[in-house]
Amino acid sequence: MKKVLLLITWLSGMAPVTLYAQQTVSDPVINSTLTGTVVDSKTLTPIIGALVRIKGTTNQVLTDAKGNFSFKTGQKLPYILEAAFIGYKKLEIKAERSPLQIVLQETESQLNEVVVVGYGTQRKSDITGSVASVSKVLLAQPAAAFDNLLQGSVPGVAVTQSSGQPGSTATIRIRGGNSISFGNAPLYVIDGFIIYNNNDYANTGASNGTGVNALSTINPSDIASVEVLKDASATAIYGSRGANGVIIITTKRGRRGHDEISYNTYVGTQQVRKKLDLLNASQWGELINDINVSTNSPKTYTAEQLAALGEGSDWQSAALRKKALQNHELSFSGGDEKSRYLISANYFDQGGIIVNTGFKRYSGRVNYERSVGDKLKIATNIFGSQSIEDKLFGNGYNSLNFQSTAFANLLQVSPVAKIWNEDGSYNINSPYSANPTNPIQDFQSTINKTYLRRILANTSLEYKIFRELTLKVTGGADLINTKQNYYSPSYAGSPGGSASGYAAGGYASVGNLSATTWINENTLTYDHAFNEEHFLNVLAGYTMQHQKDESAVASAQKFPNDLTSFNNLNFASTPVLSVSDGHESSLNSYLARVNYSYQHKYNVTLSLRSDGSSRLGRNNRWGYFPSIGLSWNASKETFAQRWEPTVSDLKVRLSAGRTGNSEVPPYSSLAALSPTNYYFNGALVTGIAPVQIENPDLKWETTTQYNAGLDFGILHKRVNVSVDAYYKKTTDLLLNVPFPLYTGYSSVLQNVGSVENKGIELSISSDNIKRADFSWKSTLVLGANRNKVLRLGDGTDYYFPLAPTGYVSPVIVKVGLPVGTFWGYNTNGLITKEDLVKVFRYYPGCRSRWAIRSMQTLMVMVLLLLQTSIILAVHNLN
């Protein structure tokens, strides 16, 4: 035998290792021959000098100048190969036949990692826009809906939970709100399918209270990555839907060569950490006595009676409970060199901490992709779910966050009233309630249930026309069906006017809504590297998207009993006018983008999208949304090498562009008619009256944005910092402009006004401890946004959005102030009886003690009414 000494560097972070290969003088018995190529995952260029070894043996070779390798071995196929090269991840792959292509991925430094962008992927070093990735550690945390995972994870993204109701929607704003009247929510792209989190599709109108979150139908554990696109360079490729930012969600896939079965679960409990500090019975009695004294009336309770009242009834605690939370997930995944698959199922159950509330979700997912030959790849993603939500009843005014719910009314119930009778039944007789009802009984007996079923399917075909040119055709559909059941029995005093079972003798409502969205996208991508210095990626495409929804609500009241609830509306003696609705809209688009990089050092991105929407006026159906982005990886310059390792991965970004907002309701540009009921000759008849004037010039809300950013790493990349400053101005705001009443219309929707947003963002992430057995990472996220109304049209400085009848609007839209500013009354204290004496002493009509006392009493009553109105306004404001 003779020994051959090989000196190579293995990817283990260690010094060069000396390896020995045994080679016999005589030729071995050849059982198999294996040839192949090792290439880069991004450019598919050959890797020279990569080490390829048969696992468990000393049989190994190095790739040649073309990246090729060859084995002649006494082992029979299949066997496991190990491949490694400096700067790339070590890879194990199962060799079953020859030839074989081995694809190595670069190690994930801050700039080498690949991130998902609009209609493709891109090296982070080449990105010119503001793109943030949600940490995989955060994605692994348990949550009912994935939007909760964004809270505090990305600078410039504000997440506000609108309600504590399980499954309720969250409000997400990326770099502030751009619109006053219409959508401010970001666009979502799930495995290439474009959707809005349209919570209107989750509410038919039969039920009331907080809305269901359409995104809560998706299991967060199915998500592999989340990218947030914030500036125009990143979002302009989505054109008229990119003004509010874009969130790209990629779900998990199986790993090639690894078949896995995984089961994950968590179980916990929930309860209120701290209850509101309310008056007990004796304190409430003292308050009543104080009010009587202020109005010169006798006290209601004596000292002995106050003592006897004691703590009284704790209505708040009676409505709250400790409830379990559980989640179960089962998945099967794997694949080979030709295909990958993932099949998962999920059950989630979150009981509400208020009685008779909760949220359940059943969901399943199938992701599959397969390479057919060397040129064709097929991928499909199918997701289905059903969620069930039991929620509080109430009449909400969500556009102003103006909620009047059952729980809010419960907090105002007198603690003197008993909750239960001696026999355990609910007490419905209270001297402080006009109706013989009990709020806790209302909670338990009122049915307010929403069923939300969703199927989201997407299939794509990728065909390599030649090595650098790829055609991708995608088609998919999003099917949503919502069923809502509401019943308030005859003994329940539910808030909400006619929805009160006691007032209506039993009230039932049933609603159905179906919404269908289908999409087709066709793109060509040219990706080529010239002399390993110039990297060019060109994207061009045409897309179509169509939306259609239909809904119907049937209601009835005055039931002879409560046995059938909402299941037999014919049982009621008084029908309620049924309601039905439907909408349809289409969006056609052309898009193009050019990415150019010189040595991954100087990068340029140019994009343009043209959108045509059926929702807009016939004179302005099409809009054009361009952008430009520039970035410079200064750390690759020769002069920057002396800064290492103190400063590394230094990158400067600049971008500018224009995006739009097309979330105007369908038919907003058309003249509209509405039915009106009236009496004619003693009979109720239906007439038709115009309610909306035509506006053929209605167009997009347009947002122009500028961004400057700086990314760098320090201390051997242990600390990475990203800083951004931006300015956005939205023009052609869609507002309902007042119209002269003699025309028959109160307002018309027009493009007037403008809003600006400006701010800074800072993200600092660090690897504090990084060991094989223990790791500790920290992330600091800071963001500041300033929003201001610049213009509201000619002659308009402010206006108040509509509020429910009998209420003062708590919101004002005013030039110079942020959109949706809350306003209310200021007070300089309460007027006392001594203050009134001083006033009436100089009033000529009040000479006698009787007149003064009468006027004082009248003024006190007026002031109490005014103060009560102010308190109610502030209460509703909060």
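Please read all numbers here as calculations on a predicted model, not as lab measurements. Atom set for the values below is all heavy atoms of this structure, side chains included, hydrogens, waters and symmetry mates excluded.
Asn448 contributes atom CG, which lies 8.5 Å from atom CD of Glu389 (distance to the nearest 0.5 angstrom). The CG atom of Asp549 sits 6.0 Å away from the CG atom of Leu513 when rounded to the nearest 0.5 Å. The distance from the CG atom of Asn458 to the CD1 atom of Ile190 is 10.0 Å, given to the nearest 0.5 Å. Atom CD1 of Ile218 is separated from atom OG of Ser385 by 7.5 Å, given to the nearest 0.5 angstrom. For the atom pair OG1 (Thr204) and CG (Leu452), the distance works out to 11.0 Å, reported to the nearest 0.5 Å. Annotation: the span from Ser754 atom OG to Lys788 atom NZ amounts to 10.0 Å, rounded to 0.5 Å.
Salt bridge present: Asp611 and Arg609 bring a charged side-chain N and a carboxylate O closer than 4.0 Å. We find that Arg618 and Glu694 are joined by a salt bridge, their nearest charged nitrogen and carboxylate oxygen being less than 4.0 Å apart.
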Start with the C-alpha gap between Glu761 and Arg175, add the side-chain angles, then the distance that decides, and say whether salt bridge (charged side-chain N to carboxylate O under 4.0 Å, His left out) holds.
CA-CA 9 Å; Glu761 299 168 355; Arg175 294 186 169 181; 2.8 Å; yes
For Ser555 and Ser509: C-alpha separation, side-chain torsions, deciding distance, then whether side chain to side chain donor-acceptor pair (under 3.5 Å) applies.
CA-CA 4 Å; Ser555 306; Ser509 186; 2.9 Å; yes
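Shown here are the salt bridge (charged side-chain N to carboxylate O under 4.0 Å, His left out) partners of Glu701, two or more places apart in sequence or in another chain: there are none. By the side-chain contact (heavy atoms from CB on, under 4.5 Å) test, Thr821 is found to be paired with Ile812, Leu817, Pro818, residues two or more places apart in sequence or in another chain being considered. Taking Arg621 as the reference, nothing meets the side-chain hydrogen bond (donor to acceptor under 3.5 Å, both in side chains) condition, with sequence neighbours excluded. The ring pair (Phe, Tyr, Trp, His ring centres under 6.0 Å) search around Tyr667 returns none, not counting sequence neighbours. Taking the side-chain hydrogen bond (donor to acceptor under 3.5 Å, both in side chains) definition, one finds that Ser613 meets it with nothing, sequence neighbours left out.
Under a cut-off of 6.0 angstrom, the local environment of NZ in Lys814 is crowded, with over 12 non-hydrogen atoms contributed by other residues, nucleotides or ligands. Counted within 6.0 Å of OH on Tyr799, heavy atoms from surrounding residues, nucleotides or ligands total more than 12; the atom is thus considered enclosed. In Lys758, the NZ atom is not crowded: 12 or fewer heavy atoms of neighbouring residues, nucleotides or ligands sit closer than 6.0 Å. Atom CZ of Arg615 is surrounded by more than 12 heavy atoms from other residues, nucleotides or ligands within 6.0 Å. Within 6.0 Å of the CZ atom in Phe680, the count of heavy atoms belonging to other residues, nucleotides or ligands does not exceed 12. Other residues, nucleotides and ligands place more than 12 heavy atoms under 6.0 Å from the CD1 atom of Ile693.
Contact between Ser610 and Tyr624 at its shortest, heavy atoms only, is OG-CE2, 3.0 Å. Between Pro186 and Ile172, the shortest heavy-atom contact is CD-O, 3.5 Å.
Using the six-membered ring where Trp is involved, Phe625 and Trp700 have ring planes that are perpendicular, over 60° apart on the 30 and 60° scheme.
Judged purely by atom type and a 3.5 angstrom limit, Asn757 uses its side chain to pair as donor or acceptor with the backbone of Gly177. The main-chain N or O of Val159 is found under 3.5 Å from a side-chain atom of Gln151 such that the two form a donor-acceptor pair.
Listed by first and then second residue, the side chain to side chain donor-acceptor pair (under 3.5 Å) pairs that reach into residues 514-523 are Tyr119-Glu521, Asn520-Asn522, sequence neighbours excluded.
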